[in-house]
Amino acid sequence: MNSTTWSTTSTRAVPRVLSIAGTDPTGGAGLHADLKTISVLGGYGMGAVTAVIAQNTCGVRSIHTPPPEVLRDQLLAVSDDVVVDAVKIGMLGSAGAVEVVGQWLQEQKPPLCVIDPVMVATAGGTLLESEALGAVLELLGSADLVTPNLTELASLLDRAPAQDWPEALEQGRRLADRLGVAVLVKGGHLPGERTPDALVAPGQEEPVAQWDAARIDTSCTHGTGCSLSSAIAVLAARSGRLPESVEAARGWLRGALEHAEELEVGRGSGPVHHGHHLAPALRGMLGA
């Protein structure tokens with residue numbers, strides 16, 4: 001991704017997008033959410049499992065992390081056979097997994113890499129070993145875009161979470177400068193009736209783009225970060241334009257939040273409705 005024009009010449013109508021993430025057996029977050037997102041937004045989704053997580057909408061029960069060599073075998077099985085147009089990286093969990101993914105990225109150099117530095121599950125539960133944080137910071141420098149929530153953003157800077165939007169923007173700029181990559185600052189966890197977001201670039205005081213919208217009244221927010229970052233990856237791989245892809249991904253996610261309660265999944269923080277925008281086409285197929 002060209003940091004000057006925020007575009008890339010490597011585009012594809014049906015991009016082949018690899019998600020590297022942990023699992024969610026209830027389907028709302030992690031690898032499961034990524035594959036849904038990639039598919040409903042016109043890509044071909046592939047996945048490498050970093051951790052098997054027993055979780056649901058109420059919380060995380062247990063985590064099993066496969067040996068790093070198993071993760072490397074998965075990554076090589078994909079890249080030895082399939083051209084990867086974009087990579088979305090979510091939960092890595094351990095320093096061993098971070099090292100394996102970092103080596104693979106250096107070897108393969110995919111055209112587009114979006115990293116969502118998952119550290120804590122929406123429904124509760126730590127998803128990153130404390131000793132892996134330093135390795136994650138190094139890995140983030142290989143990304144084209146990093147999409148932390150406010151808690152993750154603060155952790156990466158060893159600071160307290162931002163309490164207002166100007167502070168969040170300042171932290172986002174600081175991280176972008178430190179990493180040398182673009183950062184999407186997300187204000188959804190701030191109090192208030194609005195949910196601002198901004199795309200910030202290293203060395204730039206003002207955001208490349210900003211968005212603001214009314215908060216959607218729903219408790220179904222499980223997997224929103226996973227889904228947004230995957231949406232940006234597949235849309236940027238299709239269009240070659242990062243700011244426009246973020247804007248389109250935000251619009252799609254807002255619809256997924258607005259229709260989330262139609263799913264009636266879980267007793268806790270339910271998942272978003274990834275396929276909400278497909279309803280008209282399905283009605284046409286079924287003649288209804």
Side-chain angles (χ1 to χ4, degrees), residues 21-22 28-30 33 59-60 88-93 114-128 130 132-134 136-137 139-141 143 145-179 181-202 204-233 242-243 246-247 249-250 253-254 256-257 268-269 271-272:
V60 174
K88 179 273 167 97
I89 300 172
M91 176 197 171
L92 292 174
V114 177
I115 301 182
D116 184 32
V118 176
M119 298 178 184
V120 179
T122 300
T126 301
L127 301 179
L128 180 70
S130 57
L133 182 57
V136 167
L137 276 167
L139 177 69
L140 295 180
L145 176 67
V146 179
T147 64
N149 62 33
L150 292 183
T151 301
E152 293 158 350
L153 175 59
S155 295
L156 292 167
L157 294 169
D158 194 23
R159 298 176 63 174
Q163 299 301 304
D164 55 36
W165 183 237
E167 185 182 8
L169 273 180
E170 188 275 330
Q171 290 189 6
R173 284 192 291 264
R174 185 179 294 270
L175 184 64
D177 288 342
R178 177 176 297 182
L179 300 175
V181 304
V183 174
L184 179 63
V185 185
K186 302 182 293 186
H189 287 178
L190 291 172
E193 299 302 315
R194 310 294 297 181
T195 56
D197 292 323
L199 183 63
V200 298
Q204 296 189 26
E205 184 68 21
E206 295 299 319
V208 175
Q210 290 195 75
W211 302 270
D212 180 79
R215 186 179 300 279
I216 296 169
D217 184 18
T218 180
S219 62
C220 297
T221 58
H222 186 53
T224 49
C226 307
S227 301
L228 178 62
S229 54
S230 297
I232 295 169
L242 185 57
V246 174
E247 182 172 3
R250 289 183 81 257
L253 182 60
R254 287 184 61 81
L257 286 164
S269 176
V272 302

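Hydrogens, waters and symmetry mates are skipped; everything else that's a heavy atom, side chains included, is used. Worth saying up front: this structure is predicted, and the values here are computed from it rather than measured.
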If you look at every heavy atom in Ala249 and Ile232, which pair is closest and at what distance?
CB-CG1, 3.7 Å

I need the Leu150 CG to Leu190 CG distance, nearest 0.5 Å.
5.0 Å

Arg178 side chain vs Pro202 backbone, donor-acceptor pair below 3.5 Å
no

Could you measure the distance from the CG atom of Asn149 to the CG atom of Leu184? Nearest 0.5 Å is fine.
11.0 Å

With a 4.5 Å limit on heavy-atom distance, are the side chains of Asp197 and Val246 in contact?
no

How far apart are the closest heavy atoms of Ala214 and Thr195, and which atoms are they?
O-OG1, 4.2 Å

Taking all atoms of both residues into account, what is the closest heavy-atom pair of Val146 and Ala143, and its distance?
CG2-CB, 4.0 Å

Non-hydrogen atoms of Pro148 and Leu175 that approach each other most closely
CG-CD2, 4.3 Å

Kindly determine whether Val272 and Thr218 satisfy side-chain contact (heavy atoms from CB on, under 4.5 Å), including the steps that lead there.
CA-CA 10 Å; Val272 302; Thr218 180; over 6 Å; no

Which pair of heavy atoms, one from Ala33 and one from Gly28, lies closest together, and at what distance?
CB-O, 3.3 Å

Identify every side-chain donor-acceptor pair in residues 206-213 under 3.5 Å, counting partners at least two apart or on other chains, and give the distances.
residue: Asp212; atom: OD2; partner: Arg194; partner atom: NE; Å: 2.8
residue: Asp212; atom: OD2; partner: Arg194; partner atom: NH2; Å: 2.8

Taking Lys88 for the side chain and Ser227 for the main chain, is one N or O donor matched with an acceptor at less than 3.5 Å?
no

Contact check, side chains of Leu228 and Lys186, non-hydrogen atoms, under 4.5 Å:
yes

Rounding to 0.5 Å, atoms CG (Asp116) and OG (Ser230) come to a distance of 8.0 Å

Minimum side-chain heavy-atom gap Leu140-Val181 below 4.5 Å:
no

What pair of heavy atoms forms the shortest contact from Ala21 to Gly30, and how long is it?
CB-C, 4.3 Å

Rounded to the nearest 0.5 Å, the CD atom of Gln204 sits from the CG atom of Asp177 at a distance of 9.5 Å

Could you tell me whether a side-chain N or O of Ser269 sits under 3.5 Å from a main-chain N or O of Ser219, the two making a donor and an acceptor?
yes

Are Leu139 and Leu92 side-chain neighbours, meaning at least one heavy-atom pair lies under 4.5 Å?
yes

Which value, rounded to the nearest 0.5 Å, describes the distance between Leu145 atom CG and Leu179 atom CG?
11.0 Å

Please list every donor-acceptor pair under 3.5 Å in which a side-chain atom of residues 167-174 meets a protein atom from a residue at least two apart or in another chain.
residue: Glu167; atom: OE1; partner: Gln163; partner atom: N; Å: 2.9
residue: Glu170; atom: OE1; partner: Arg159; partner atom: NH1; Å: 3.0
residue: Glu170; atom: OE1; partner: Arg159; partner atom: NH2; Å: 3.3
residue: Glu170; atom: OE2; partner: Arg174; partner atom: NE; Å: 3.1
residue: Glu170; atom: OE2; partner: Arg174; partner atom: NH2; Å: 2.9
residue: Gln171; atom: NE2; partner: Ala160; partner atom: O; Å: 3.1
residue: Arg173; atom: NH1; partner: Glu205; partner atom: O; Å: 3.2

